[in-house]
2 protein chains.
Amino acid sequence: MTSVHATLQRPENTAPIFAALGDPWRLSIVERLGEDGPLPTSRLNGPGSGVTRQGITKHLRVLEQAGLVESFRVGRDRFWRLRVEQLVIARRYLDQVSAEWEDRLARLKSLVEG
Amino acid sequence: MTSVHATLQRPENTAPIFAALGDPWRLSIVERLGEDGPLPTSRLNGPGSGVTRQGITKHLRVLEQAGLVESFRVGRDRFWRLRVEQLVIARRYLDQVSAEWEDRLARLKSLVEG
DNA sequence: GTCATGCGCAACCTCCAGGTTGCGTCATTT
DNA sequence: AAATGACGCAACCTGGAGGTTGCGCATGAC
């Protein structure tokens, strides 16, 4: 058991994160939160976004459920902040799957080439 | 425009990849394909999986649509192989969002600390 | 005090993702 | 040539995701 392959998360735990990232709007929310730091719900919706405030709120809840964002209230605003830890977990998962496959490819190749 | 932030993909293009990874079964398929190389549909389903062959097939189509797997036929078997390139795109995207946020955090901090 | 803003909650609607069954086809085995 | 195994295609069913509207409640602005 090498250190590289040791801590591969189980799909059941990781899938929800990807699922949450799997919607264009949610992903763009994550992106905006990454660029412009904590933002209130109102500034994440705005006209031209094409979705209602409640629509955005629902998406935010999904992201929150997946642990990708967290919120705090200031006055009548609810601010949303990115939780990078979860992003890192997802990233690491992809890293490991890629690594396994690269390893396997190398092994297969050396098997063929003798 | 630094090299780190230059090539952030648009959410509309990246979201489908995450969406495809967002189902536990599909994710476990990706995982298995990473470990055990190209596999025929039949070996991806098997009893105890709890899903029909057609169920698996549908999932494979979704993954294929997202560019995450590709297939080739050998006799009556259809083999499926992982396409790491797409995994890398997803990984890179997460990298960049994380990086932006870390940057922003640092900037905010230095702003506060003067 | 009054008005406007930003949210939270709940009901509702619609559509498609995820799963199934059934049947036909082609390749393999014996 | 008969039987079996792996697929592809199509129809079908169902729950929940994604979106809306409507209303009530604080908080902040004037």
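Proteins get letters first, then strands, A, B, ... in listed order; numbering begins at 1 in each.
For a distance-only test at 3.5 Å, the side chain of A:R26 fails to qualify as a donor-acceptor partner of the base of D:dG18. Scanning atom types as modelled, no donor and acceptor separated by under 3.5 angstrom connect the side chain of A:Q54 and the base of D:dG18. A:R43 contributes no side-chain N or O that forms a donor-acceptor pair with the base of C:dG6 under 3.5 Å.
In this structure, A:Q65 atom CD and D:dA17 atom C1' are separated by 14 Å, rounded to whole Å. The distance from atom CG of A:L60 to atom C1' of C:dC9 is 16 Å, rounded to the nearest whole Å. Rounded to an integer number of Å, the gap from NE2 of A:H59 to P of C:dC7 is 16 Å. If you take CZ of B:R78 and P of D:dA6, they are 15 Å apart, rounded to a whole angstrom. Across the protein-nucleic acid pair, A:D23 atom CG and C:dC16 atom P stand 14 Å apart, rounded to whole Å. Computed from coordinates, the A:R61 CZ to D:dG18 P distance equals 15 Å when rounded to whole Å. As a whole-Å value, the separation of B:D77 CG from C:dT29 P is 10 Å. As a whole-Å value, the separation of B:I56 CD1 from C:dA17 P is 18 Å.
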Determine, stepwise, if the pair B:D103 / B:R107 fulfils salt bridge (charged side-chain N to carboxylate O under 4.0 Å, His left out). CA-CA 6 Å; B:D103 277 17; B:R107 265 180 281 134; 5.1 Å; no
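Contact annotation: B:T41 does not reach the phosphate of D:dA6 (side-chain N/O to OP1 or OP2, under 4.0 Å).
Each of C:dG19, D:dG8, C:dG8 was ranked by its minimum atom distance to the side chain of A:R73; first place goes to C:dG8. Which of C:dG18, C:dT5, D:dG8 sits closest to the side chain of A:R76 comes down to C:dT5. Side-chain proximity of B:T52 to the nucleotides C:dC7, D:dC9, C:dT21 is greatest for C:dT21.
A:G75 approaches A:R73 most closely through the heavy-atom pair O-NE, 3.7 Å.
Where A:K58 and A:G75 meet DNA chain D, the nucleotide closest to each residue was compared, and A:K58 sits on the side nearer the 5' end. In this structure, A:W80 and B:R53 both approach DNA chain C, and ranking their closest nucleotides by distance from the 5' end singles out A:W80.
Here the NZ atom belonging to A:K58 is positioned 10.0 Å from the CZ atom belonging to A:R61, to the nearest 0.5 angstrom.
Listed for the B:R26 side chain is a donor-acceptor partner under 3.5 Å among the backbone atoms of B:A20.
Considering only heavy atoms from C-beta on, B:W80 stays 4.5 Å or farther from B:P40 through its side chain.
Residue contacts shown for B:G55 include a base, since a base heavy atom lies under 4.0 Å away.
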